[in-house]
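One-based numbering, in listed order, for ligands and for the atoms of each.
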Amino acid sequence: MILIKNGLIILDNKLIKKDILIDKEEILDISDEIDMDCEAIDCTGLLVMPGAIDVHVHFREPGFTDKETIKTGCLSAAKGGVTTVMPMPNLNPCPDCYQNLKLELDLISRDACVHCYPYGAVSRGENQLEASRVEEIHDLVYAISDDGKGVNNASLLEDVMRMAKKYDLVIASHAEDSVDGYLPKGEYVAVRREIELAKKIGCRYHFCHMSTKESFEAIRKARSEGYTNITCEVTPHHLVLNEEMIQDGNYKMNPPLRSEENRLATIEALIDGTAQMIACDHAPHTEEEKKREYNKCPNGIIGLETMIPIIYTEFVKNGKISLNRFLDLMVYNPISVFHLPKRDLKKGFVADLAILDIENPHTYTKDEILSKGKNSPFIGKTYYGFPKYTFVNGKLVYKR
Ligand code: DOR
């Protein structure tokens, strides 16, 4: 048994001091005062929350282990207080059939220290031509995606949407039209088109990393018409950075950093509920790749270790979003949208905990990064809320 003493938990938008007793995998008790003769961790002044859930990460294995592995990606997640992740399928081999997915699942059961629920692909090898074998993999995944690529083949997308509906899977869309590419218009044109299709088919349809005012307007409108099957995520970087801040390859990702107007629209979507969750799009690359000149380096930044601190510091600490909304964005909404296993900071639940230092600011350094990728625009930035301890299944998986 492990006793978490004097931590602050979120109850009705307030921080309340409680003791938490963990027995094996489970939260055995939460009370004002627990005394037990067992290992105890003093968490005075620390915020104890259910571990965050990030539905959008790239762990690069199998296929690109020079960038990241399941093992290092999970360690990075644990360091960031993220206890459940959903790795994207732009892998080699691509998890587009049972055999390929099984390979990834076996690596996960061998190496993952946080819960990992991989995506299946929408099309075979993300080739946009032929649907993946959804009928073989639907029991093993919560969602499918061709992330990294927009699906511009309407008939293929419609076929896959019907399968997603049949098997109750989410499709996570990297909305990017083939004409305008990563430009703002390339995003919102694809979003508008895909919304119409998702309305027609009625499958659960989730837009990844939304970043333009027009995209949010379209999603807000669809949801206000009752199409709550349409959901979206926003990233920490699109919330706090804009295109004028770009310095080098560590600021390059797809969708790219946008105008200040689009950044403010992203914040508005976060605050008014148009966006249901935050996902960091953790996308590690090698230092050699990211050091190339800007136009030649690959898209993507790491994000798992800084997601909670950025959102806590920039939005919770200054009162832009409430403590309860913070939990909705980081934990409860991803669960309800993707139909993931229930997680909560309550008696009887699995002990997945992120324990944050909200009193002492910390400056993020390259040396402390646990991801194989060092490509972060947040190195050298100072935030509150870095995790001090992370538990998964009642086991300490990270300690600062
Ligand atoms: O920045 C990005 N990185 N955007 C993507 O769409 C793909 C991702 C990656 O896999 O590196």
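Protein heavy atom nearest atom 8 (C) of ligand 1, with residue, atom name and distance: His58 NE2, 3.7 Å. From the protein, the heavy atom lying nearest to atom 7 (C) of ligand 1 is Gly148 CA, 4.0 Å. Remark: minimum distance from atom 6 (O) of ligand 1 to any protein heavy atom is reached at His174 CE1, 3.0 Å. Looking at atom 11 (O) of ligand 1, its nearest protein heavy atom turns out to be Arg60 NH2, 2.7 Å.
Between Pro334 and the choices Val55, Thr84, Thr231, Ile278, the side chain to side chain contact (heavy atoms under 4.5 Å, CB included) rule is met once, by Val55. Of the residues Thr313, Val316, Ile308, the one that meets the side chain to side chain contact (heavy atoms under 4.5 Å, CB included) test with Tyr384 is Thr313. Of the residues listed (Lys296, Lys291, Lys290), the one engaging Glu293 in a salt bridge (charged side-chain N to carboxylate O under 4.0 Å, His left out) is Lys296, and it is the only one.
In the vicinity of Asn299, heavy-atom distances shorter than 4.0 Å reach the ligand 1 atoms 1 (O), 2 (C), 3 (N), 11 (O). Atoms of ligand 1 lying under 4.0 Å from at least one heavy atom of His285, given by number and element, are 11 (O). Atoms of ligand 1 found under 4.0 Å from any heavy atom of Ala283, numbered from 1 in the order shown, are 3 (N), 8 (C), 9 (C), 11 (O). Atoms of ligand 1 lying under 4.0 Å from at least one heavy atom of Met253, given by number and element, are 1 (O). With ligand atoms numbered from 1 in the order given, ligand 1 contributes 1 (O), 2 (C), 4 (N), 5 (C), 6 (O) to contacts under 4.0 Å with heavy atoms of Asn254.
By the criterion of a heavy-atom distance under 4.0 Å, neither the backbone nor the side chain of Ile301 is placed next to ligand 1. Under 4.0 Å from ligand 1, not a single heavy atom of His209 appears.
For the pair Lys317 and Tyr312, the cation does not sit on the ring face, since its NZ or CZ is not both under 6.0 Å from the ring centre and inside 45° of the axis.
Both Ile219 and Tyr227 belong to a single network of hydrophobic side chains, linked directly or stepwise wherever heavy atoms of I, L, V, M, F, W or Y lie under 4.5 Å apart.
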**Verdict with supporting geometry, Glu368 and Arg400, salt bridge (Lys or Arg N to Asp or Glu O under 4.0 Å)** = CA-CA 10 Å; Glu368 73 185 87; Arg400 173 171 286 283; 3.6 Å; yes

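Residues Lys347 and Leu28 are not in side-chain contact: their nearest non-hydrogen atoms beyond the backbone lie 4.5 Å or more apart. Contact check for Asp281 versus Met253: no side-chain heavy atoms found under the 4.5 Å cut-off.
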